[in-house]
Peer 1: 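After the structure tokens below, expect a handful of questions from me.
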Amino acid sequence: MNAHLPDKTPPMPLWEVFVRSKQGLDHKHCGSLHAADAQMALRMARDVYTRRMEGVSIWVVPSGAITASQPEEQSVDFDPMADKIYRHPTFYELPDAVRHM
Amino acid sequence: MSSHAIDVTAIEQARFDERLRADRKIEAQDWMPPAYRRTLIRQISQHAHSEIVGMLPEGNWVTRAPSLKRKAILLAKIQDEAGHGLYLYSAAETLGSSREEMVDALHAGRARYSSIFNYPTPTWADIGAIGWLVDGAAIMNQVPLCRCSYGPYARAMIRICKEESFHQRQGFDIMLSLCRGTPEQKAMAQAALERWWWPVLMMFGPSDAESSHSAQSMQWGIKRISNDDLRQKFIDATVPQIELLGLRLPDPLLVWNADRGHYDHGPIDWDEFRRVLDGHGPCNRERLATRVAAHDNGAWVREAALAHAAKRNSTAKSA
């Protein structure tokens, strides 16, 4: 038997897939896949991620087009703003007489 | 310079340990120990390979399924397996391993896949036994993986587990039909049960005492339940199903132990397990050769897709 030769086909671009599970809801990231172009990525996303009515709409985005925040900046970017607790409704004490607000 | 590098690693390691202790997920961009990354790439890619190679024993029966209904169901199941392979390859890719590297490692025989797929499917009852027992054992293994510490792997497993229970039920449904059929059909079901029982018990891996990766994987939150505990859980769940089918138990030592509250079972032939793992099972060569041929024969499709994309790109630019 011949030794196995590595595949010479160039790699397919990577796409991130977002699926809207039903009308009125957000598109949500559900995974990624490789495809030659956007049309083929859409078609594959349909087969890979929505075989059981998981969605009514799909977005595919080239993975390279996404700019992500860095984990090491997490504490700065997503500071819980403990000094601005007045942004939360629970900061305010209401008289018991106010039932719904 | 180097002492600074060590400090940074120590801080990152402490942060990683703290995250595991708090049972929070590790995500792709987060720092992780190199050995954690390597272990995950090995495990997730092997898992992906298993899904892909797992299509082959079943593909054998697509054209010979006994009815159009069974054929449609089998096709849907096999399509799911391909999807599961893709979810898992994607999860492994988030760790920095390329799809090409992983596929190449499988085809060159450097990467492993589940040994269970190196057994043949000589009768239609084997398709029933695979769904019922092999997928049943896979579910036992996979449900705890939904809580794995690595986020992308855990999310892929949640998706897979949702789809997997259809696989087990369709297999059991095949067995049920055969067991309610003619004596010959029931005998076929019995033979398939006996063929698959021991290899399926081996799917859970060596006993905890001998499993080389178990302890570290437990510590990392990759593995949540031990091999022996999962195997026991599978046996306890499956024996009543065997009885319900009206089949004979495949192991004379399989008896209820009231003291333990579990079934006892006979010794597992780990020499056979290692033989198959080392490439000497009944179908190892055939499976790999079929897989490599399928990939090679599909090369022109991948090339055509890329050529088509390039052409459309250039037309769009010039327009």
Side-chain angles (χ1 to χ4, degrees), chain A residues 1-19 21 27-55 58 60-78 80, chain B residues 8 11-12 15 26-32 76 79-80 82-91 93-94 98-101 103-110 152 155-156 158-159 162-163 166 285 288-289 291-292 295-296 298-313 316:
Chain A
M1 214 167 86
N2 290 331
H4 168 74
L5 297 172
D7 190 356
K8 282 200 270 305
T9 324
M12 298 262 176
L14 187 63
W15 303 78
E16 298 302 319
V17 181
F18 299 78
V19 171
S21 59
H27 283 77
K28 201 175 146 197
H29 183 247
C30 71
S32 56
L33 52 80
H34 292 271
D37 65 15
Q39 285 309 313
M40 284 183 256
L42 259 187
R43 183 169 290 227
M44 277 192 61
R46 185 247 158 261
D47 284 346
V48 176
Y49 291 107
T50 62
R51 289 194 301 281
R52 290 182 174 78
M53 301 187 298
E54 290 93 337
I58 301 174
V60 289
V61 179
S63 300
I66 292 177
T67 307
S69 61
Q70 293 304 305
E72 54 268 29
E73 291 158 10
Q74 197 171 330
S75 55
V76 184
D77 286 351
F78 307 109
Chain B
V8 171
I11 293 168
E12 295 284 17
R15 202 176 287 169
I26 310 297
E27 294 294 341
Q29 284 182 309
D30 295 332
W31 184 92
M32 59 187 89
Q79 192 190 14
D80 275 355
H84 296 176
L86 286 178
Y87 306 154
L88 290 163
Y89 281 130
S90 297
E93 281 172 77
T94 63
S98 80
R99 180 76 61 93
E100 290 73 23
E101 277 165 10
V103 169
D104 197 54
L106 171 68
H107 292 181
R110 292 193 306 273
R155 291 192 288 276
I158 290 171
R159 198 181 297 278
K162 271 188 198 160
E163 300 182 347
F166 136 62
R285 277 174 216 179
L288 204 54
R291 179 66 217 123
V292 171
H295 190 75
D296 291 350
W300 71 271
V301 179
R302 295 190 294 279
E303 284 160 17
L306 284 166
H308 175 74
K311 191 174 161 191
R312 287 217 339 188
N313 242 338

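Reckoned from all heavy atoms, side chains included, excluding hydrogens, waters and symmetry mates. In what follows, every chain begins at residue 1, and chains take the letters A, B, ... in the order their sequences are listed.
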Peer 1: Looking at B/R285, I want to see if its CZ is surrounded by more than 12 non-hydrogen atoms of other residues, nucleotides or ligands under 6.0 Å.
Peer 2: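 Atom CZ in B/R285 is not packed in, count stays at 12 or less.
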Peer 1: Which answer fits B/R159, side chain, backbone, both or neither, if we ask what part of it has an atom under 4.5 Å from a heavy atom of chain A?
Peer 2: side chain
Peer 1: Any donor-acceptor pair under 3.5 Å linking the side chain of B/Y89 with the backbone of A/L33?
Peer 2: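 Side chain of B/Y89 to backbone of A/L33, a donor-acceptor pair under 3.5 Å: no, none is there.
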Peer 1: Heavy atoms only, distances under 4.5 angstrom: which of A/A38, A/P10, A/A35 has the most pairs with chain B? Name it, please.
Peer 2: A/P10
Peer 1: Counting only heavy atoms not in A/R43, do more than 12 fall under 6.0 Å of its CZ?
Peer 2: no
Peer 1: Find the one option among A/M40, A/R51, A/M44 whose heavy-atom pairs under 4.5 Å with chain B are most numerous.
Peer 2: A/R51
Peer 1: Is the B/H295 ring parallel, tilted or perpendicular to the B/H107 ring (thresholds 30°, 60°)?
Peer 2: perpendicular
Peer 1: Is it the side chain or the backbone of B/D80 that comes within 4.5 Å of chain A heavy atoms, both, or neither?
Peer 2: both
Peer 1: Where on A/M12 is there a heavy atom nearer than 4.5 Å to chain B: the side chain, the backbone, both, or neither?
Peer 2: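 A/M12 touches chain B through backbone and side-chain heavy atoms alike.
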Peer 1: As an exercise, state the distance from OG of A/S63 to NE2 of A/H34, rounded to the nearest 0.5 Å.
Peer 2: 8.0 Å
Peer 1: Between B/R155 and B/E27, is there a salt bridge with N-O shorter than 4.0 Å?
Peer 2: yes
Peer 1: What part of B/E93 lies closer than 4.5 angstrom to a heavy atom of chain A: side chain, backbone, both or neither?
Peer 2: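 Side chain of B/E93 only, per the 4.5 Å heavy-atom cut-off to chain A.
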Peer 1: Can you tell which of B/H308, B/H84, B/R312 has the highest number of heavy-atom pairs within less than 4.5 Å of chain A?
Peer 2: B/R312
